[in-house]
Every structure is written in C-alpha cells, then in structure tokens.
Amino acid sequence: MTRKTRPISWIKAARKDFDRFPDEAQMICWTALTIASEGGKADIVKPLHGLGPGVLEIALPYRGDAFRVVYAVQIGTDVWVIHAFQKKSTQGIKTPKHEIELINDRLKRLKEMLR
C-alpha cells in the first residue's frame, strides 16, 4: 500500500519566522512536518487544544530555547503551517495568549481564503 504524501504549504509570515530558527532546529521541524505530510505524527508533536481538531504543534526544546511550529492537517488538502515562533517564556508550557490569538486569526483567514 502506498501512502499519499500531502504538500506542505506555508502562511508567508510563518515561513519568514521559521527561516530565523537555527538551522538544526529547522531540520528537526522539517522532519516532523514531513512525517505529518505522510500521515504520521512525530514524537515532538502534540495537539494544540482549544483551536479545533487537526491543529497540532511541534514543540522543540533546543539548546535552552523552545521553538514552536503550529500546523493544521484538516484545512484543504495540504498540511498548512500556520505559525512558527520561539517561545520566550521560561515558566510553564502554556502557549502565550497573544500567540494563540495570532494562530486563531491566521486559521480564520486561511479557511476563508480556501473556501
């Protein structure tokens, strides 16, 4: 049985932010996105609760920093990368409220664009 690989598409701002990650962190995230495009889920991926089904977050601890890539698997036919950011907070694992609002806004606009 062959698995169909889905394209990975980016919201432009998310790609710009992602390109600022360290090279090695980018490679690890690309691997997780590739696994998602093949229908799987990498070990460093978890659901991002409260944003609807199929919204997932790559949570990468890297050299004392925390990098996050948020993607959606249930919008259109592609795997959509919605947001990429370096998490600054050293307290707790909660995604900051302003990041959640930004993700929500981008999800809404993406769904409208793909209608």
Side-chain angles (χ1 to χ4, degrees):
M1 179 183 104
T2 56
R3 262 202 318 217
K4 185 178 175 338
T5 302
R6 296 165 63 187
I8 298 169
S9 294
W10 294 75
I11 286 181
K12 197 190 282 182
R15 185 56 196 253
K16 253 166 72 177
D17 293 336
F18 181 79
D19 287 343
R20 289 199 282 268
F21 285 15
D23 288 347
E24 197 178 345
Q26 282 187 37
M27 281 177 19
I28 295 165
C29 291
W30 265 118
T31 301
L33 287 169
T34 301
I35 291 168
S37 77
E38 293 169 349
K41 189 168 141 264
D43 293 345
I44 56 171
V45 171
K46 60 189 190 331
L48 195 52
H49 297 290
L51 293 171
V55 179
L56 303 157
E57 179 179 49
I58 298 169
L60 175 66
Y62 178 78
R63 297 192 175 168
D65 288 319
F67 293 92
R68 301 287 185 262
V69 178
V70 177
Y71 66 92
V73 293
Q74 293 183 354
I75 300 175
T77 54
D78 299 7
V79 171
W80 276 94
V81 180
I82 307 295
H83 188 33
F85 62 102
Q86 181 176 349
K87 192 161 163 268
K88 303 282 190 218
S89 167
T90 50
Q91 302 196 313
I93 55 170
K94 208 166 175 260
T95 304
K97 188 177 190 292
H98 69 274
E99 302 289 2
I100 294 289
E101 288 168 357
L102 180 64
I103 294 162
N104 253 326
D105 186 49
R106 288 182 180 174
L107 278 169
K108 210 179 302 167
R109 284 191 307 205
L110 180 61
K111 286 175 185 169
E112 286 167 8
M113 186 186 85
L114 294 175
R115 262 193 207 138

*Of all the heavy-atom pairs spanning Ala14 and Ala84, show the shortest one and how long it is.*
O-CB, 3.7 Å
*Taking all non-hydrogen atoms of both residues into account, name the closest pair between Glu57 and Leu48 and its distance.*
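Heavy atoms only, the tightest pair is OE1-CD1, 3.6 Å.
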Please say yes or no: joined through hydrophobic side-chain contacts below 4.5 Å, possibly via intermediate residues, are [X] and [Y] part of one cluster?
| X | Y | answer |
| --- | --- | --- |
| Ile35 | Ile8 | no |
| Ile75 | Trp10 | no |
| Ile28 | Val81 | yes |
| Trp80 | Leu56 | no |

*Counting only heavy atoms not in Asp43, do more than 12 sit closer than 6.0 Å to its CG atom?*
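No - once you tally the heavy atoms of other residues, nucleotides and ligands closer than 6.0 Å, there are 12 at most.
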*Is there a donor-acceptor contact under 3.5 Å from the side chain of Glu38 to the main chain of Thr5?*
no
*Okay, side chain of Arg6, backbone of Thr77: is any donor-acceptor separation there less than 3.5 Å?*
yes
*Please assess Asp17 against Arg20 for the test salt bridge (charged side-chain N to carboxylate O under 4.0 Å, His left out), listing each intermediate value before the final yes or no.*
CA-CA 5 Å; Asp17 293 336; Arg20 289 199 282 268; 2.6 Å; yes
Hey, can you pull the donor-acceptor pairs under 3.5 Å for the side chains in residues 58-67, sequence neighbours left out?
| unit_1 | atom_1 | unit_2 | atom_2 | d |
| --- | --- | --- | --- | --- |
| Tyr62 | OH | Glu24 | OE1 | 3.2 |
| Asp65 | OD1 | Gln86 | NE2 | 3.2 |
| Asp65 | OD2 | Gln86 | NE2 | 3.4 |

Would you list the atom pairs, donor with acceptor, under 3.5 Å between side chains in residues 101-115 and any protein atom, with sequence neighbours excluded?
| unit_1 | atom_1 | unit_2 | atom_2 | d |
| --- | --- | --- | --- | --- |
| Glu101 | OE2 | Lys97 | NZ | 2.6 |
| Arg106 | NH1 | Ile82 | O | 3.0 |
| Arg106 | NH1 | His83 | ND1 | 3.1 |

*On the 0 to 90° scale, with breaks at 30° and 60°, tag the Trp30-Phe18 ring pair as parallel, tilted or perpendicular.*
perpendicular
_Test side chain to side chain contact (heavy atoms under 4.5 Å, CB included) applied to Tyr71 and Asp78, Leu33, Val55, the passing residue_ = Leu33
